[in-house]
Amino acid sequence: MIETFRNAWKVPELRRKLLFTFFIIVIYRIGGSVPVPYLDSAALNTWFQGSKDSGDFFSYLNVLSGGNFSKATLMALSVGPYINAQIIIQLLTYALPPLERLSKEGMEGRKTLNKITKYTALGIALFQGWAYYRTLMNVDGQQIVLYTGQTFERYFTEIIIILCFVAGASLTIWLGDRINEKGIGNGVSMLLFAGIIARGPDAVISLCKLMATGEAKNMILVPIIIVVFILMIAFIIFMNNAERRIPIQYAKRVVGRKQYGGQNTFIPIKIAMSGVLPIIFAMSFMSIPATLKLFTGAPKSGTFYDNLLKWFEYDHPFYACLYFVLIIAFNYFYVSMSYNPIEIANNLRQNNGGVPGIRPGKPTSDYFQKILSKITLVGAVFLGIIAIFPIIFTVITKMNIAMGGTSILIVVSVALETARTMESQMMMRHHSGFLK
């Protein structure tokens with residue numbers, strides 16, 4: 001990857017794209033330092049660090065925002081609304097015929113879907129900004145929202161805070177579009193990558209402080225954490241590049257004086273084709289009880305609702321087991337929505353292609369479905385291990401790294417995809433052509 005970056009830096013056009021991407025990321029990070037009016041960031045950070053609920057859903061939101069969520073800055077919502085909008089529109093594309101037709105209309109259809117996604121993200125940002133404000137208002141023992149208590153000032157404060165959150169989310173989407181047009185890689189993914197990487201120095205400083213205490217427990221745990229971190233990166237890279245290649249053979253056909261077909265190729269099926277989306281789905285579902293608690297307040301001790309909330313605390317065994325099962329279920333759901341074996345079999349038959357030893361038509365689609373089921377299970381188990389291993393490690397060591405696996409998965413996936421993008425662009429520029 002370092003060699004790819006060096007070679008890309010030598011190409012003037014790619015160098016300009018890299019510098020432009022870096023410039024947009026700097027603007028994004030500066031926006032993450034702008035405080036939102038009428039909010040006490042110090043009180044919020046104190047509550048966030050001390051809240052037991054911050055180990056699950058809040059940590060997920062904090063990861064997506066690059067730490068801005070816990071500081072209540074202008075970029076507190078960051079890429080979260082746009083990611084949620086993308087997921088919703090992508091799922092609705094397979095459920096609603098009008099959206100499905102748009103997805104098949106080429107470039108113009110994708111532009112229309114992108115506009116719909118942006119408007120959906122704006123609506124989600126408005127709702128999340130209001131929900132975030134209501135959450136801060138219901139914090140016990142902390143006055144995070146600053147106002148005198150008068151009715152007019154209270155409503156004015158609410159409007160300003162929500163509009164600031166929505167403006168930050170809109171600015172994030174706009175910056176991501178600029179990277180898509182003039183930069184390298186996917187814009188939203190690059191901003192998400194930059195936000196997670198920006199939290200790296202704080203994690204290193206925390207480990208150094210643990211080592212500085214001189215306690216025997218910390219002297220053992222810190223090297224173990226570093227080794228686990230390296231092994232997890234290697235495991236993610238291996239699984240992210242792993243794929244099943246299905247051999248395809250095209251029959252020969254003669255049209256006029258030219259012969260077509262007769263080629264042997266393959267169809268690659270990635271094991272981790274759904275990426276981090278099943279984890280995001282599962283995390284959103286698991287956060288529902290904690291989110292309801294923020295709106296309704298803490299229940300009475302010993303009641304059914306109180307016991308139910310205890311089962312959904314991130315250090316409870318039931319939470320880890322249900323989390324793992326949901327990741328597998330959502331992975332199967334996402335793959336079934338985005339990968340159609342019947343369509344692949346029909347395309348192969350129309351192009352005089354087929355799998356050696358498998359008859360065209362339904363036998364081919366059944367063959368693809370059988371392979372896809374096995375690969376999906378392997379990919380789902382991989383995502384489940386990445387998601388719940390940090391939770392198990394947190395329970396054992398009492399060190400809160402519950403979102404560490406998801407962060408590493410996002411960083412490694414974006415880095416590998418960006419490296420592939422740079423390699424493909426360099427290959428196009430260094431291809432000699434058929435006239436030379």
Side-chain angles (χ1 to χ4, degrees), residues 60-61 63-64 77-128 169-170 172-177 179-181 185-193 240 243 268-288 326-344 347 368-369 372-373 375-376 379-380 382-383 387 406 409-410 413-414 416-418 420-421:
Y60 155 68
L61 295 178
V63 166
L64 294 184
L77 299 182
S78 188
V79 300
Y82 188 73
I83 290 178
N84 293 331
Q86 278 188 320
I87 295 173
I88 292 172
I89 296 302
Q90 189 172 9
L91 294 178
L92 290 179
T93 300
Y94 299 98
L96 300 178
L99 294 180
E100 185 178 4
R101 286 194 296 269
L102 283 176
S103 64
K104 297 179 180 180
E105 290 180 0
M107 185 64 68
E108 293 300 323
R110 286 193 294 270
K111 287 182 179 179
T112 305
L113 282 177
N114 192 25
K115 289 182 180 179
I116 296 175
T117 303
K118 290 179 182 178
Y119 286 123
T120 306
L122 186 62
I124 294 175
L126 190 63
F127 173 77
Q128 286 188 348
S170 302
T172 301
I173 297 174
W174 185 83
L175 292 175
D177 286 341
I179 294 179
N180 292 336
E181 292 177 3
N186 181 274
V188 174
S189 298
M190 292 300 295
L191 296 179
L192 180 60
F193 173 85
N240 199 46
E243 61 184 20
I269 302 179
K270 291 180 65 66
I271 292 180
M273 67 176 69
S274 57
V276 75
L277 291 179
I279 297 180
I280 295 177
F281 285 159
M283 178 59 68
S284 300
F285 181 86
M286 297 298 293
S287 67
I288 292 177
L326 285 176
I327 290 175
I328 295 179
F330 281 124
N331 189 70
Y332 268 98
F333 173 75
Y334 182 82
V335 171
S336 65
M337 295 292 290
S338 58
Y339 207 96
N340 191 352
I342 297 178
E343 184 177 353
I344 296 176
N347 291 336
F368 275 104
Q369 184 63 50
L372 195 62
S373 299
I375 292 178
T376 303
F382 155 68
L383 292 176
T406 306
L409 179 61
I410 294 173
S413 300
V414 174
L416 292 176
E417 187 63 31
T418 305
R420 293 192 193 100
T421 302

Under the side-chain hydrogen bond (donor to acceptor under 3.5 Å, both in side chains) test, which residues partner Thr172, sequence neighbours left out?
none

Are any non-hydrogen side-chain atoms of Met190 and Val414 less than 4.5 angstrom apart?
yes

Between the main-chain N or O of Phe333 and the side-chain N or O of Ser336, is there a donor-acceptor pair closer than 3.5 Å?
yes

Under a 4.5 Å cut-off applied to non-hydrogen side-chain atoms, are Gln128 and Pro81 in contact?
yes

Contact check, side chains of Gln90 and Leu99, non-hydrogen atoms, under 4.5 Å:
no

Listed by chain and number, what are the ring pair (Phe, Tyr, Trp, His ring centres under 6.0 Å) partners of Phe382, not counting sequence neighbours?
Phe235

Identify the heavy atoms of Pro341 and Phe368 that sit nearest to each other, and give their distance.
CB-CB, 3.9 Å

Taken in chain and number order and not counting sequence neighbours, the residues that satisfy ring pair (Phe, Tyr, Trp, His ring centres under 6.0 Å) with Tyr334 are none

Residue pair Ile269, Glu243: steps toward the side-chain contact (heavy atoms from CB on, under 4.5 Å) verdict
CA-CA 5 Å; Ile269 302 179; Glu243 61 184 20; 6.0 Å; no

Under 4.5 Å between any side-chain heavy atoms of Leu77 and Ile124, yes or no?
no

Does some side-chain heavy atom of Leu192 sit less than 4.5 Å from a side-chain heavy atom of Ile83?
yes

Is there a side-chain contact between Ile89 and Thr93 (heavy atoms, below 4.5 Å)?
yes

Rounded to the nearest 0.5 Å, what separates atom CG in Leu383 from atom CD1 in Ile279?
5.0 Å

Sub-3.5 Å donor-acceptor pair from the side chain of Ser189 to the main-chain atoms of Gly185, do we have one?
no

Tell me which pairs pass side chain to side chain donor-acceptor pair (under 3.5 Å) where either residue lies in residues 105-117, with sequence neighbours left out.
Tyr82-Asn114

Once you round to the nearest 0.5 Å, how far does OG of Ser413 lie from CZ of Phe193?
11.0 Å

Say whether, by atom type as modelled, one donor and one acceptor occur between the side chain of Asn331 and the main chain of Ile327 under 3.5 angstrom.
no

Would you say CG of Leu96 has more than 12 non-hydrogen atoms from neighbouring residues, nucleotides or ligands within 6.0 angstrom?
yes

Report yes if some heavy atom in the side chain of Lys270 is under 4.5 Å from a heavy atom in the side chain of Ile375; otherwise report no.
no

List the steps and the verdict of side-chain contact (heavy atoms from CB on, under 4.5 Å) for Leu191 and Ser78.
CA-CA 9 Å; Leu191 296 179; Ser78 188; over 6 Å; no

The criterion is side-chain hydrogen bond (donor to acceptor under 3.5 Å, both in side chains); which residues satisfy it with Asp177, sequence neighbours excluded?
Lys118

Pair listing, salt bridge (Lys or Arg N to Asp or Glu O under 4.0 Å) test, anchored in residues 81-101, at least two apart
Glu100-Lys104

Within the structure provided, determine whether Ile116 and Leu102 are in side-chain contact (heavy-atom separation under 4.5 Å).
yes

Donor-acceptor under 3.5 Å (Asn84 side chain, Ala121 main chain)
no

